[in-house]
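By convention in this document, chain letters (A, B, ...) are assigned in the order of the sequence lines, proteins followed by strands, and residues within each chain are numbered from 1. Reckoned from all heavy atoms, side chains included, excluding hydrogens, waters and symmetry mates.
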Protein chains: 2
Amino acid sequence: MTSSSHPPAPALAPLGGVLHAPKADVDIIRCMVCDIRHKSLCNSMDEEGLAALTHSSRQLQLPPGTTIVEEGEPALAFFNVTRGTVKLFKSLPDGRRQITGFADAGQFLGLSTAQTYSFGAETVDNVRLCRFMRPQLEALLSDYPKFERRLLAAVTDKLAEAQEQMLLLGRKTAREKVATFLLDRMKAFHLTANRRQEAENLASVPMTRVDIADYLGLTIETVSRTISAFRRSLLIASAENHRIRILSATTLLNIASGQKAD
Amino acid sequence: MTSSSHPPAPALAPLGGVLHAPKADVDIIRCMVCDIRHKSLCNSMDEEGLAALTHSSRQLQLPPGTTIVEEGEPALAFFNVTRGTVKLFKSLPDGRRQITGFADAGQFLGLSTAQTYSFGAETVDNVRLCRFMRPQLEALLSDYPKFERRLLAAVTDKLAEAQEQMLLLGRKTAREKVATFLLDRMKAFHLTANRRQEAENLASVPMTRVDIADYLGLTIETVSRTISAFRRSLLIASAENHRIRILSATTLLNIASGQKAD
DNA sequence: ATGCAACCTTGATTTAGATCAAGTCCGTGC
DNA sequence: GCACGGACTTGATCTAAATCAAGGTTGCAT
């Protein structure tokens, strides 16, 4: 079994990275002009609610490899990703790591009922996110029932996703895992991209092979070999900017769901 | 990789199994006298709320192997388990199955934002549960903010559990998986048991080896061999009534968390 | 433009756990 | 009390993916 060690843990910025000095008169309408608002929790808010959201949060911009949440640290804040991709993970004492999910723009992270976070979170690429301190978040939940209901729905969806991922980790082959991953990254790109993609069938893969392996419960070598095999079979092709072009989504879908077809 | 086939699917009772003809005058205080109320969502309710819960739900009693929820069927109801153990699972078209969790007394199941259930659920042993139809559940959420907040917390906890299980499935060895499972079943038994256990260190294991294997992402043979090895090492011993006695919880804990100690 | 470092790919070999194959145990009905 | 069937155990063998081991790419800093 694998024992992927921690990444080099680059300069844990203490989350001070507030975006361009939040001039009150600019920041007051932040949520109202947010371009991914409609794809996030925030779409449950009316104008007044959006003002409250803006007040309750700070916007942060963080470079790749920044720690957002540290496993075991006090769970003080809740985050909404508005740009880029965040990885969530859990680790064993000896360094083995499981990435439990990637949060792309529009996704939240940081919920916890315990005093401390049971998981870690780190930026994959350049990330922008809104941080809500816990008391503020709780006030919002109480003041805006629609927001609370929306959060309940969002967590319920995350749970369904987690169950899907358990099926993948427990019962799929390496080939099936990688095919599933590529299709998921294509879906994520479709949801995330603003402009109707010049070319649809693209998947955004900003994470390294190590991250993919730790997400799929494989080693980097197996991930690399499997992707190479898909490329050789002309199911996918590389594209610029950490993108992969999906040449045959239907075939990948068959593979992902366990039909041995190819 | 495994290909555990479906269990014999015994006589899918159409969920008519209402407990002893619900005489209105008995059923009206059902929730008030419920002995596991304090261990469930329902502990968020005051007296009035409990009456509302009783009104909004029906109590069912189901024998082992009964289907509660069928993957892909309309998500019409939400359930609270009050007795026994339910297994939740997802399947691949070829029959491979992943059990995503066991719901013991006090746990809920059946939440979904989609029109249909993305998972199946089946009784493991004799199960008693309360069924809430979706419209009734939604009314409760709106009428009792504390209940909604409690549900949000419960789903958040389930998500944390799911992440822990992903770590197990993706990165733990067979030995570590089985040790983790046994400890979890001990915790579950402590939470569930009413009388302070005559002897503490017992784990309740009502499910078959097939279920355990499908939960841990292993085969029944590997589960069996690993349990035998633990027994030989005197870490555990069999007990009556589908119970296992944990002889060295600390050693199991070390194994479960990846220290190679024994 | 060059050299380094991180990341990725490919090949050879090993191994943990799957698969195949008998049994054994245990509870239930006759 | 016996035999049938389902659940479990144990052993022998196989294999998918891990591990070990080189290279090859790429992008950035000098």
Side-chain angles (χ1 to χ4, degrees), chain A residues 1-10 63-65 94-98 124-125 168-179 205-214 216-232 236 238-244 255 258 260, chain B residues 1-10 63-65 94-98 124-125 168-179 205-214 216-232 236 238-244 255 258 260:
Chain A
M1 207 147 275
T2 300
S3 148
S4 42
S5 52
H6 284 294
D94 64 4
R96 277 175 287 171
R97 189 183 65 154
Q98 178 66 37
V124 167
D125 49 10
L168 176 145
L169 290 170
R171 290 302 184 211
K172 288 190 182 179
T173 64
R175 204 176 142 72
E176 291 163 2
K177 286 175 175 183
V178 173
V205 187
M207 62 290 289
T208 65
R209 293 288 182 269
V210 174
D211 286 343
I212 300 174
D214 281 351
L216 299 178
L218 298 171
T219 57
I220 56 171
E221 292 94 334
T222 298
V223 170
S224 186
R225 277 188 246 277
T226 308
I227 289 180
S228 296
F230 284 162
R231 208 181 347 246
R232 261 181 272 112
I236 61 173
S238 314
E240 72 294 340
N241 251 103
H242 291 273
R243 305 265 156 82
I244 289 179
I255 296 170
K260 62 177 27 128
Chain B
M1 206 149 276
T2 300
S3 149
S4 42
S5 52
H6 283 292
D94 64 4
R96 276 175 289 171
R97 189 182 65 152
Q98 178 65 38
V124 167
D125 48 10
L168 177 147
L169 290 169
R171 290 300 185 212
K172 287 190 182 179
T173 65
R175 203 175 143 73
E176 291 162 1
K177 286 176 175 183
V178 174
V205 186
M207 61 291 288
T208 65
R209 293 287 182 268
V210 174
D211 286 344
I212 301 174
D214 282 351
L216 299 179
L218 298 171
T219 57
I220 57 172
E221 293 94 335
T222 298
V223 170
S224 185
R225 278 187 246 275
T226 308
I227 289 180
S228 296
F230 284 163
R231 208 180 347 246
R232 260 180 274 115
I236 61 173
S238 313
E240 73 294 342
N241 251 101
H242 290 276
R243 305 264 156 83
I244 289 179
I255 296 170
K260 61 177 30 131

Review item, nucleotides 25-30 of chain D N/O atoms under 3.5 Å of protein N/O:
none

Residues that B:S238 engages under side-chain hydrogen bond (donor to acceptor under 3.5 Å, both in side chains), provided they are two or more places apart: B:R231
Euclidean distance, atom CD1 of residue A:I212 to atom P of C:dT9 [Å, nearest integer]: 9 Å
Spacing of A:I227 atom CD1 relative to C:dC8 atom C1', expressed in whole Å: 10 Å
side-chain contact (heavy atoms from CB on, under 4.5 Å) against B:A213, all qualifying residues, sequence neighbours excluded: A:R171, B:I220, B:V223
Option passing side-chain hydrogen bond (donor to acceptor under 3.5 Å, both in side chains) with B:D214 (candidates B:Q98, B:R209, B:R96, B:R97): B:R97
Any residue meeting side-chain hydrogen bond (donor to acceptor under 3.5 Å, both in side chains) with B:T222, in chain and number order, not counting sequence neighbours: B:T219
Nucleotide D:dA7, atom P - distance to CG of B:D125 in whole Å: 14 Å
Whole-Å gap separating C1' (D:dA18) and CZ (A:R209): 18 Å
side-chain contact (heavy atoms from CB on, under 4.5 Å) partners of A:A239, counting only residues at least two apart: A:L202, A:R243
Spacing of B:I244 atom CD1 relative to D:dT9 atom C1', expressed in whole Å: 14 Å
Integer-rounded Å distance: D:dA18 P and A:L216 CG: 10 Å
Can you tabulate the close N/O pairs, meaning under 3.5 Å, that link protein atoms to atoms of nucleotides 10-12 of chain C?
unit_1, atom_1, unit_2, atom_2, d
C:dT10, OP2, A:S228, OG, 2.5
C:dG11, N7, A:R225, NH1, 2.7
C:dG11, O6, A:R225, NH2, 3.2
C:dA12, N6, A:R225, NH2, 3.3

Closest heavy-atom pair and its distance - B:R175, B:T226: CA-CG2, 3.9 Å
Spacing between B:L168 atom CG and C:dG17 atom P, to the nearest angstrom: 12 Å
Nearest-Å distance for atom pair NE2/P, residues A:H242 and C:dC7: 10 Å
Selection from C:dT9, C:dC7, C:dG17 that lies nearest to any side-chain heavy atom of B:T173: C:dG17
